[in-house]
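Since the structure is predicted, the reported quantities are computational estimates derived from the model, not experimental observations.
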Amino acid sequence: MKLLGSALLGVLCCACASLVDAQQTPPATQPDSVPTFRAQTRVVLVDVIVSDGKGQFVPDLKAEDFTVKEDGKPQRISGFTLYRYQTPRTLPPMQLPANQYTNFSQQEPGGAVTILLLDLLNTPQLEQIYARKAMMNFLRHLPPGQRVGLYVLSERPRLVQGFTSSSNVLIAVGNSLGPDVSLRGPKATGTLADPVTQSLSESFGVNQSLVSPSESLGPSGGGASSFAAITSDNRFHLTLATLNALARAVSGYSGRKNLIWLSGNFPLRLDQEFVTNNRAGFGGHFLPEVRETAALLAASQVAVYPVDVKGLGVASDTFAMEDLARETGGRSFSGTNAIDEALLQGLKEGSDYYTLAYSPENHNWNDQYRKLDVKVAMKGVKLTFRRGYYALKEKAFTGDEAAKALATAMQPLTPASTMLLIKAQVLPPDGEHKMVRIDYAVDSHDIGFSDTTDQKKHAAVDFMSVARDGDFKVAGYSTDTVEADFLPPVYKQIMQTGFPHHQELDLKPGKYTLRLGVIDRGSQKIGTVDVPITIAAIAAPAATK
């Protein structure tokens with residue numbers, strides 16, 4: 001994703017709303033230099049860690065020292081970046097005008113972004129004790145300046161703590177997790193009984209259930225009983241959905257991201273040969289979903305570090321762990337009781353690396369797996385990189401697919417998605433307006449416009465706003481689909497100022513969290529942002545004598 005440009009920051013969302021009207025009344029004259037097509041070049045990014053015989057990072061290599069092959073054929077390296085860890089400096093908070101919000105990720109330069117995933121869904125009850133202990137040891141020994149977010153995978157996945165470099169905050173949040181991960185959270189979301197999901201079903205023409213992965217698992221108990229209560233297929237499905245949500249959430253952060261996954265069991269493999277030849281088990285019949293997950297992890301530059309929490313002396317099936325690490329460019333840790341040291345080692349390895357970029361010579365995007373190989377002109381070194389990717393077709397979401405993806409992203413406690421950059425202005429009711437007014441400006445560079453036969457630009461973008469109270473109950477919502485053909489001058493202006501939309505909500509007095517969500521059907525990208533809002537009671541007019 002591209003950084004939030006000054007043009008997008010400086011434009012009021014309500015001003016952008018006038019662009020929609022401009023489609024209907026074209027100007028008398030049109031500029032000569034208007035774009036008639038949008039060139040798209042697919043670029044593959046490969047993060048490479050180069051270590052010497054002592055395990056130390058080798059920092060002095062150039063682009064010409066590397067060779068990249070895809071399915072055995074050399075590729076021309078078009079981009080090259082060296083990343084070295086530096087203690088991040090504290091950046092001042094982003095200053096936005098009053099009532100304006102964004103999901104832009106203000107990231108300290110030089111800092112690694114790490115997701116610590118505590119997996120209770122795939123970990124038996126006894127082993128969960130080791131997982132919690134490992135997590136707390138890791139947080140207590142976290143090097144200064146490292147940005148870490150904490151996420152719990154259970155029958156109801158949730159973001160526990162967003163990215164922060166404060167060890168004290170992370171430790172406090174970790175200690176607040178009870179034996180059953182009893183942080184306050186929603187008891188039921190995403191079923192067709194939920195008015196939000198029902199609205200998605202009606203607005204987007206969905207003909208099948210939009211039950212979220214967590215709700216499809218049935219009335220299971222707390223995290224301690226999840227492993228025994230939930231079938232392997234359901235655990236597999238929810239694990240995929242969680243990894244997808246995490247990949248979308250961190251996409252807006254630049255560079256490589258470390259996913260340190262604490263679990264007693266890893267129900268997923270990404271290599272093509274295994275999943276296609278084992279459809280009867282181990283999630284093989286979820287092959288399209290596996291491809292999607294692998295593609296999202298690759299696009300968001302997520303490297304997985306699986307950590308077996310069973311510790312020393314306990315037999316483990318390490319094939320899945322090694323596969324996850326190999327296919328994403330991470331490293332697996334098992335057979336050791338010093339889990340906290342393994343975690344810190346994974347954190348260190350993901351902070352110094354090279355990023356190589358190339359445009360594949362093979363333009364046949366047929367959903368097939370492509371093998372990657374990277375060599376360097378130096379002896380005695382070890383290279384760590386992801387070993388392949390799925391060349392998925394570029395195809396737009398259908399209404400059903402968009403509705404399901406957006407329904408998942410709109411659930412409370414799901415991390416905000418940053419694949420699609422949003423800026424929004426949210427105005428509460430006042431003396432002249434009874435409704436909450438929402439004006440969007442979405443970064444148009446990440447929207448998949450298509451060309452029409454009359455040289456216009458076509459886009460289909462879904463917008464949704466959901467207000468929830470302190471108990472996570474839905475207090476109001478709005479859903480819209482904007483599907484339009486834009487004249488060249490309007491398209492040019494939208495590319496500069498953002499894709500606009502306006503919504504209104506009717507809310508009673510009280511405090512709410514408003515989640516705004518946007519999904520572009522063309523690029524399949526999602527953006528969400530959370531907005532705290534207080535609706536004040538409007539005093540009744542004084543009686544006249």
Side-chain angles (χ1 to χ4, degrees), residues 115-136 138 149-161 173-174 177-191 211-249 259-270 281-283 285-286 289-290 292-293 296-297 302 304-311 314 316-317 320-321 323-324 332 334 339 408 411-415:
I115 311 161
L116 184 58
L117 178 61
L118 177 61
D119 183 356
L120 303 182
L121 180 71
N122 299 299
T123 304
Q125 182 176 359
L126 181 61
E127 294 163 6
Q128 292 180 16
I129 300 173
Y130 298 106
R132 296 173 190 275
K133 182 179 178 181
M135 177 187 71
M136 295 308 300
F138 172 71
L150 179 57
Y151 198 91
V152 172
L153 171 56
S154 63
E155 69 273 18
R156 290 188 177 92
R158 65 195 63 185
L159 174 69
V160 177
Q161 173 60 51
V173 171
L177 294 172
D180 60 348
V181 196
S182 55
L183 281 180
R184 190 165 179 248
K187 294 183 178 180
T189 58
T191 66
V211 176
S212 67
S214 61
E215 290 303 317
S216 67
L217 303 180
S220 61
S225 61
S226 299
F227 187 84
I230 301 174
T231 66
S232 59
D233 272 2
N234 279 331
R235 285 201 305 271
F236 183 87
H237 184 72
L238 183 53
T239 300
L240 284 181
T242 299
L243 293 176
N244 290 357
L246 290 174
R248 293 184 185 278
L259 173 58
I260 299 180
W261 185 355
L262 298 171
S263 183
N265 181 51
F266 296 88
L268 173 65
R269 285 182 64 168
L270 301 178
F282 212 86
H285 52 290
F286 288 106
E289 288 87 349
V290 172
E292 178 187 3
T293 299
L296 281 172
L297 292 174
V302 176
V304 180
Y305 288 78
V307 180
D308 184 3
V309 300
K310 291 191 288 292
V314 179
S316 302
D317 181 5
M321 297 176 60
D323 171 77
L324 284 167
S332 65
S334 61
I339 297 178
T408 300
Q411 299 305 314
L413 299 184
T414 301

Colleague: Which heavy-atom pair separates Met321 from Asp308 by the least distance, and what is that distance?
Modeller: CE-N, 3.5 Å

Colleague: Okay, side chain of Asp323, backbone of Leu270: is any donor-acceptor separation there less than 3.5 Å?
Modeller: yes

Colleague: When Ile260 is tested against each of Val304, Val307, Leu117 for side-chain contact (heavy atoms from CB on, under 4.5 Å), which residue passes?
Modeller: Val307

Colleague: Mind checking the CG-CZ spacing from Asn122 to Phe236? Nearest 0.5 Å is all I need.
Modeller: 10.5 Å

Colleague: To the nearest 0.5 angstrom, please state how far the CG atom of Leu246 sits from the OG1 atom of Thr414.
Modeller: 9.5 Å

Colleague: To the nearest 0.5 angstrom, please state how far the OG1 atom of Thr239 sits from the CH2 atom of Trp261.
Modeller: 5.5 Å

Colleague: Can you name the one residue among Thr123, Leu118, Asp119, Ile129 that meets side-chain contact (heavy atoms from CB on, under 4.5 Å) with Val309?
Modeller: Thr123

Colleague: For the residue pair Tyr151 and Leu259, establish whether any side-chain heavy-atom pair is separated by less than 4.5 Å.
Modeller: no

Colleague: Identify the heavy atoms of Leu262 and Ala131 that sit nearest to each other, and give their distance.
Modeller: CD1-O, 3.9 Å

Colleague: Can you check whether Leu243 reaches Leu153 side chain to side chain, under 4.5 Å on heavy atoms?
Modeller: no

Colleague: Quick one: CZ on Arg248 to CG on Leu297, what's the gap to the nearest 0.5 Å?
Modeller: 11.0 Å

Colleague: Would you mind reporting whether Leu150 and Val173 have side-chain heavy atoms less than 4.5 Å apart?
Modeller: yes

Colleague: Check whether any side-chain heavy atom of Leu120 sits under 4.5 Å from a side-chain heavy atom of Arg132, and report yes or no.
Modeller: yes

Colleague: Taking all heavy atoms of Pro306 and all of Leu324, pick out the closest pair and write down the distance.
Modeller: CG-CB, 4.0 Å

Colleague: If you compare all heavy atoms of Ala249 against all heavy atoms of Pro415, which two are closest, and at what distance to 0.1 Å?
Modeller: CB-CB, 3.7 Å

Colleague: So, taking the atom named CG in Leu240 and the one named CZ in Arg235, what distance separates them when rounded to the nearest 0.5 Å?
Modeller: 13.0 Å

Colleague: For Asn244, which residues count as a side chain to side chain donor-acceptor pair (under 3.5 Å) partner, sequence neighbours excluded?
Modeller: Thr293

